[in-house]
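Comments concern the structure below.
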2 protein chains.
Amino acid sequence: MQLTTNQQRVLATLQQSSRPLSAYKILERLKSEGFKAPTQIYRALGCLAERGLVHRLESLNAYVRCAPPSTEQGVRAFAICDSCGHVDEFIVPSLNRYLGTWMKQNVFSLGSSTIELHGKCATCSKLDRTSDS
Amino acid sequence: MQLTTNQQRVLATLQQSSRPLSAYKILERLKSEGFKAPTQIYRALGCLAERGLVHRLESLNAYVRCAPPSTEQGVRAFAICDSCGHVDEFIVPSLNRYLGTWMKQNVFSLGSSTIELHGKCATCSKLDRTSDS
DNA sequence: CCCACAAATGTTACGTTATAACATGCCAAA
DNA sequence: TTTGGCATGTTATAACGTAACATTTGTGGG
Ligand SMILES: [Zn+2]
Ligand SMILES: [Zn+2]
Ligand SMILES: [Zn+2]
Ligand SMILES: [Zn+2]
């Protein structure tokens, strides 16, 4: 199925942003295009998330455009820079294996997983070091 | 430092619960003991979390009593049963090893991490199978 | 004992995030 | 053209979280 106009606009807004946006931030940016209520944003985000085009970052209550979905199999993870907001989405193949071991020992049938790493990206770490005394 | 009365009551409430509780759920249960406003709960939760006695589950906006802190070193993870709410806290010994490829290619100085797995616990999986047609 | 100070607690108000419920408009099949 | 679906719009409210300031409590020095 094609994306609706609203979904396209929400997706474009996320695409253009260098950092995750909360639903209300997206709303602000789309007020000028006629959006008025959070429902409209949440509805679009819901559909986009179902299709894997955006992800919700639980630890930020915010949303990001999916990085070009790789063909790799594994668990999705996000590395989030707390300084600049940059998010790096990647797949952890072997974590799957490790968690697999844990799940066998503990009988747990896995649905979805949330893996969000907070820290500093390379750029921000460098800035820190150069501004050190 | 000793826990204050409020902290003890919040901790006890979490301890007695078989599933994670939101701050407002805790408040409800403690209304009878004189608690009136969310601030009181959040303050207690803040202190308890600093000491590692409770954890916040980002994907649920809820809090759990820390499982007896093991001596193991590593990153904390949670397996959450979406049916019964049971939470199993465990340690991923060396996350770095599993993030291997990504870590090598990406400089990222890790601060805190959120790992929350959703699915079904052993008990609930069994129930499913016995109630199958 | 009494004051001064700090820490904990109480109270009110507000900000942010998310959903429920119902109304309206749009398009395509019968 | 009617009708049924689904996307959209609109209003209201629920759920989660914090800021700011008042009050109490407990402790050590005078
Ligand atoms: Zn993705
Ligand atoms: Zn950065
Ligand atoms: Zn713990
Ligand atoms: Zn269960």
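Numbered from 1 within each chain, the chains take letters A, B, ... in sequence-line order.
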**Request:** Rounded off to whole Å, could you give me the OH-to-P distance for the B:Tyr63 and D:dA15 pair?
**Result:** 16 Å
**ring pair (Phe, Tyr, Trp, His ring centres under 6.0 Å) pairs, two or more places apart, involving residues 43-87 of chain A** = A:His55-A:Phe78
**Prompt:** By a strict heavy-atom criterion of less than 4.0 Å, which residues belonging to residues 15-27 of chain B are in contact with DNA chain D?
**Reply:** B:Ser22, B:Tyr24
**Message:** Measure CD/A:Gln7 against P/D:dA7 and give the value in whole Å, please.
**Reply:** 8 Å
**Message:** Grouping I, L, V, M, F, W and Y whenever their side-chain heavy atoms are under 4.5 Å apart, do B:Tyr42 and B:Leu27 come out in a common cluster?
**Reply:** yes
**Prompt:** In whole angstroms, how far is the C1' atom of D:dA15 from the CG atom of B:Leu57?
**Reply:** 17 Å
**Request:** Take the protein atom CG of B:Leu3 and the nucleotide atom P of C:dA8, then report the distance between them rounded to whole Å.
**Result:** 12 Å
**Between P of D:dA7 and CD of A:Glu50, the distance in whole Å** = 11 Å
**Request:** Look at the side-chain heavy atoms of Ile, Leu, Val, Met, Phe, Trp and Tyr, link any pair under 4.5 Å apart, and say whether A:Phe35 and A:Leu48 land in one connected group.
**Result:** yes
**Message:** Using the side chain to side chain contact (heavy atoms under 4.5 Å, CB included) definition, which of the options A:Leu45, A:Asn6, A:Val54 pairs with A:Leu11?
**Reply:** A:Val54
**Item:** salt bridge (charged side-chain N to carboxylate O under 4.0 Å, His left out) involving A:Glu116 - partner list, sequence neighbours excluded
**Value:** none
**Message:** Can you work out whether A:Asn61 or B:Arg9 has the more 5'-proximal nearest nucleotide on DNA chain C?
**Reply:** B:Arg9
**Message:** For a quick check of understanding: with a heavy-atom distance under 4.0 Å over all strands, which category does A:Phe35 fall into, base, sugar-phosphate or nothing?
**Reply:** nothing
**Message:** Pairing donors with acceptors under 3.5 angstrom, does anything connect the side chains of B:His118 and B:Ser59?
**Reply:** yes
**Message:** What is the separation between atom CG on A:Leu60 and atom C1' on C:dT16, rounded to the nearest whole Å?
**Reply:** 14 Å
**Nearest-angstrom distance from the residue atom CD of A:Gln2 to P of C:dA28** = 14 Å
**Prompt:** Is there a residue in residues 36-46 of chain A whose heavy atoms reach under 4.0 Å of DNA chain D, and which residues are they?
**Reply:** A:Lys36, A:Ala37, A:Thr39, A:Gln40, A:Arg43
**Message:** From CD of B:Glu28 over to C1' of D:dC16, roughly how many Å is that when rounded to an integer?
**Reply:** 13 Å
**Request:** Could I get the full list of salt bridge (charged side-chain N to carboxylate O under 4.0 Å, His left out) partners for A:Glu89, not counting sequence neighbours?
**Result:** A:Arg76
**Prompt:** Can you get from A:Ile26 to A:Ile80 by hopping between Ile, Leu, Val, Met, Phe, Trp and Tyr side chains that sit under 4.5 Å apart?
**Reply:** no
**Request:** Any salt bridge (charged side-chain N to carboxylate O under 4.0 Å, His left out) involving residues 8-21 of chain A? Give me the pairs, sequence neighbours left out, ordered by first then second residue.
**Result:** A:Arg9-A:Glu33
